[in-house]
Number of protein chains: 2
Amino acid sequence: MVRAARHYYVDDMSKMQTADALGVSRFKVARLLEGARELGIVTITVDDAGVPVPELADALAAHLGLSRAVVVEAHGAQAEVRHEVGAAAAALLGSTLRQGEVLGLAWGRTLTGMSHSMPPLPRVDVVQLTGALGTDLEASPVEVVRRVALRSGGSAQPIFAPLVLDDPRTADALRRQTDVAGALRMFDHLTTAVVAVGSWDPPNSQLLTALSQEDRQAMHEAGVRAEVAAILVSDTGEVVSPEFARRCISIGVDQLRRTPRIVAAAAGADKARAVTAIARAGLCTELVTDRALAEAVLSLDGVDPAVAERGTA
Amino acid sequence: MVRAARHYYVDDMSKMQTADALGVSRFKVARLLEGARELGIVTITVDDAGVPVPELADALAAHLGLSRAVVVEAHGAQAEVRHEVGAAAAALLGSTLRQGEVLGLAWGRTLTGMSHSMPPLPRVDVVQLTGALGTDLEASPVEVVRRVALRSGGSAQPIFAPLVLDDPRTADALRRQTDVAGALRMFDHLTTAVVAVGSWDPPNSQLLTALSQEDRQAMHEAGVRAEVAAILVSDTGEVVSPEFARRCISIGVDQLRRTPRIVAAAAGADKARAVTAIARAGLCTELVTDRALAEAVLSLDGVDPAVAERGTA
DNA sequence: TTCTGCTCTGCTCATATGAGCGACGCTGCG
DNA sequence: CGCAGCGTCGCTCATATGAGCAGAGCAGAA
């Protein structure tokens, strides 16, 4: 049975060839294969994770006024969804980045996933857009930059500094450090930026873990709904809490807005409002998401996602 | 593509039916399915783990003088091999146990695996053959007994006592405890016992972790090669170190030998000599193993396993 | 515009495949 | 010993399938 299954399914032989190879009748081969499937020796799985859904993507791009959107199928735990979205973002960069670009990378679990799935890239300069948060080396923005630069062969410009400081004074001092300043200067020359979308309401952002209870309370009252690269945005797309930005080592709103191409990656339906807010704020030109999030965004304002999608291949 | 793959592979429709269902030509269906396989949407795996190898089993039974042997394919890490062997032992019990039997269970990682794969059983009384070792509740003999009894609906006779004590006196005292004594009395009425084989040279037995350095040294010098239910056996099949048995809460050699049916489960080629020793000692009548161990046992004394096996289905 | 190359589609025809059937061999029973 | 019951095997024939081909649509170049 196992040998028959190997021949037929792995080596793609016909049942007649398999029969000849094993010295049995083709009928017996058919019965062996049938048995092998029943016994679980042969398992056939149809897994659409990572498959793009162009219809939803087009509808999403139109809805949010983006130049492009990528929507992929993803199921299972949040971590798996992030992994698929990250892989899709990696593939998008791989097929669109051109040699000589200056690529800015923010940070988040989705972008960590992206860095793990990154295909070989043309030679680009990679710049870290934000300081670090937390102590997990594997998930740090420095590591994301390192991995992506490794795939490209271009220069890497990391920022060895915390993302959030206790007061603006310390942040200013850090910004004047030679290495940090060098990275910040490159923010004006970015051709492509990649950011992760964090949601503040419902709360789903790693930035939240770094804030004091008072900070959170104040921001909540200020109407913060979403976050990219530590830039806080309200439901209407306005940037709030600029005094918070002064405490952050991160790209500024204006610098990010001036970047010609901003790819936002977001995973999970609970980020629907956050994604909408970011798009309204003009803080992304392209979006990579999973199906559930895309559908949630489209249905937020009464757009029926079923209309957008027809005849998934 | 995904829908075509679902229809064809999951629902077992023909390509023509699939074509009709999707409203496309059968040729397009063929091309979609081809693409789906190339893109990894459809994965076909041939996994022979757990498939029995009757030729080897017969050779092994003849070689060791057993009434029956079961040999299954198993690959990968030790834990996976143990899991497959455990599942095979569970299936064997499921198809051979009769109502009213008294089933004794020893303990080990393979038997823990067995207890997780146990099919529904006829009503039997389950008795724990040894005390407990270590503190992992999930892997304790009590848990094995509990799980198996649950599948059978019969009574469970656990032993809440350590397997190894520091001195014979304490062990004797424990054996006089009402609950313990009740279990020990049932050892004389066992109809089937299931034991795991531990190897002492090379060292691969959980019992080893419970012994002092002096104990090990003494036993090594006494020529201990194998162990079942804390019974220590030399290469020639003789039981050694009976004074150790006095410190153990466990079934005795004579009681075990009198049991009509003793199923031994063993996983991993490094237990070849141990298995041979146990069989020589008359401490098993049936054996459940993986292919690698079976081949190792057969080739120990120059028997070529390739001769035994011919034409695996 | 027209041409050219490219991809995608569905066709024909030879071949592979599955459903259903009768023959064979094995096992247990009278 | 003969026979019924059961499972397995390979056959026939209708049908499904794949290889290769030709036409349609489409994008880019002249």
Side-chain angles (χ1 to χ4, degrees), chain A residues 1-46 48 51-58 61 67-68 70 91-92 94-96 98 309-313, chain B residues 1-46 48 51-55 57-58 61-62 67-68 70 91-92 94-96 98 309-313:
Chain A
M1 263 189 191
V2 173
R3 286 204 299 212
R6 289 244 162 78
H7 278 122
Y8 186 76
Y9 287 112
V10 181
D11 304 336
D12 262 327
M13 290 166 66
S14 75
K15 293 187 184 176
M16 293 189 111
Q17 286 175 303
T18 307
D20 286 346
L22 299 183
V24 297
S25 80
R26 65 188 184 87
F27 306 98
K28 188 165 176 68
V29 168
R31 285 171 188 135
L32 284 174
L33 292 175
E34 213 172 315
R37 279 222 272 176
E38 271 172 24
L39 289 175
I41 294 171
V42 169
T43 325
I44 302 182
T45 50
V46 178
D48 59 4
V51 173
V53 189
E55 298 82 5
L56 264 179
D58 294 346
S67 64
R68 165 158 31 195
V70 174
L92 175 64
S95 64
T96 54
R98 297 288 161 243
E309 188 203 354
R310 206 167 304 157
T312 313
Chain B
M1 264 186 190
V2 173
R3 287 204 299 211
R6 290 246 162 77
H7 278 122
Y8 186 76
Y9 288 112
V10 181
D11 304 337
D12 262 327
M13 290 166 67
S14 76
K15 293 188 185 177
M16 294 188 111
Q17 286 175 302
T18 307
D20 286 345
L22 299 183
V24 298
S25 78
R26 65 189 184 85
F27 306 98
K28 187 163 177 70
V29 168
R31 285 170 187 135
L32 284 174
L33 292 175
E34 215 173 315
R37 278 223 271 176
E38 272 172 24
L39 290 174
I41 294 171
V42 170
T43 324
I44 303 183
T45 52
V46 178
D48 60 3
V51 174
V53 189
E55 297 83 4
D58 293 346
S67 64
R68 162 157 34 192
V70 174
L92 174 64
S95 64
T96 55
R98 297 290 160 243
E309 189 203 353
R310 207 168 302 159
T312 313

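Naming: A, B, ... by sequence-line order, numbering from 1 per chain. Just so it is clear, the structure is predicted and the values come from calculations on it, not from any experiment.
D/dT17 atom P lies 17 Å from atom NZ of B/Lys28, rounded to whole Å. For the pair B/Phe27 CZ and D/dT17 C1', the computed distance is 9 Å after rounding to whole Å. Distance A/Tyr8 OH to D/dT17 C1': 10 Å, rounded to the nearest Å. Following rounding to the nearest Å, B/Met13 (CE) and C/dT17 (P) show an atom-to-atom distance of 20 Å. The distance from atom CG of B/Asp12 to atom P of D/dT17 is 12 Å, rounded to the nearest whole Å. Computed from coordinates, the B/Met16 CE to C/dT17 P distance equals 16 Å when rounded to whole Å. Rounded to whole Å, atom P of C/dT7 lies 18 Å from atom CG of B/Leu32. To the nearest angstrom, C1' of D/dT15 lies 14 Å from CG of B/Asp20.
Proximity note for A/Arg31 (side chain, C-beta onward) versus C/dT9, C/dT17, D/dC9: the nearest is D/dC9. With C/dG18, C/dT17, C/dG10 as the candidates, the nucleotide lying closest to the side chain of A/Ala30 is C/dG18.
Electrostatic pairing of B/Arg6 and A/Asp48 counts as a salt bridge here, judged by a charged N lying under 4.0 Å from a carboxylate O. Contact check on B/Asp12 versus A/Arg37 returns a salt bridge, with a Lys/Arg side-chain nitrogen under 4.0 Å from an Asp/Glu carboxylate oxygen.
Looking at residues two or more places apart in sequence or on another chain, you find a side chain to side chain donor-acceptor pair (under 3.5 Å) between A/Thr96 and A/Arg261.
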Could you write out each protein N or O paired with an N or O of nucleotides 23-27 of chain C at a distance under 3.5 Å?
none

Original post:
Hey, mind stepping through B/Val29 and B/Tyr8 against side chain to side chain contact (heavy atoms under 4.5 Å, CB included) and telling me if it holds?
Top reply: CA-CA 9 Å; B/Val29 168; B/Tyr8 186 76; 5.6 Å; no

Subject >> side chain to side chain contact (heavy atoms under 4.5 Å, CB included) between B/Met1 and B/Leu39, worked out >> reply: CA-CA 10 Å; B/Met1 264 186 190; B/Leu39 290 174; 3.7 Å; yes

**OP:** Show your reasoning for whether side chain to side chain contact (heavy atoms under 4.5 Å, CB included) applies to A/Ile44 and B/Thr43.
**Re:** CA-CA 6 Å; A/Ile44 302 182; B/Thr43 324; over 6 Å; no

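For B/Lys15, no side-chain nitrogen or oxygen approaches OP1 or OP2 of D/dA16 to under 4.0 Å.
Closest heavy-atom contact between A/Arg68 and A/Ala61: C-CB, 4.1 Å.
Annotation: of the two residues near DNA chain C, A/Ser14 and B/Arg26, the 5′-most nearest-nucleotide partner is B/Arg26.
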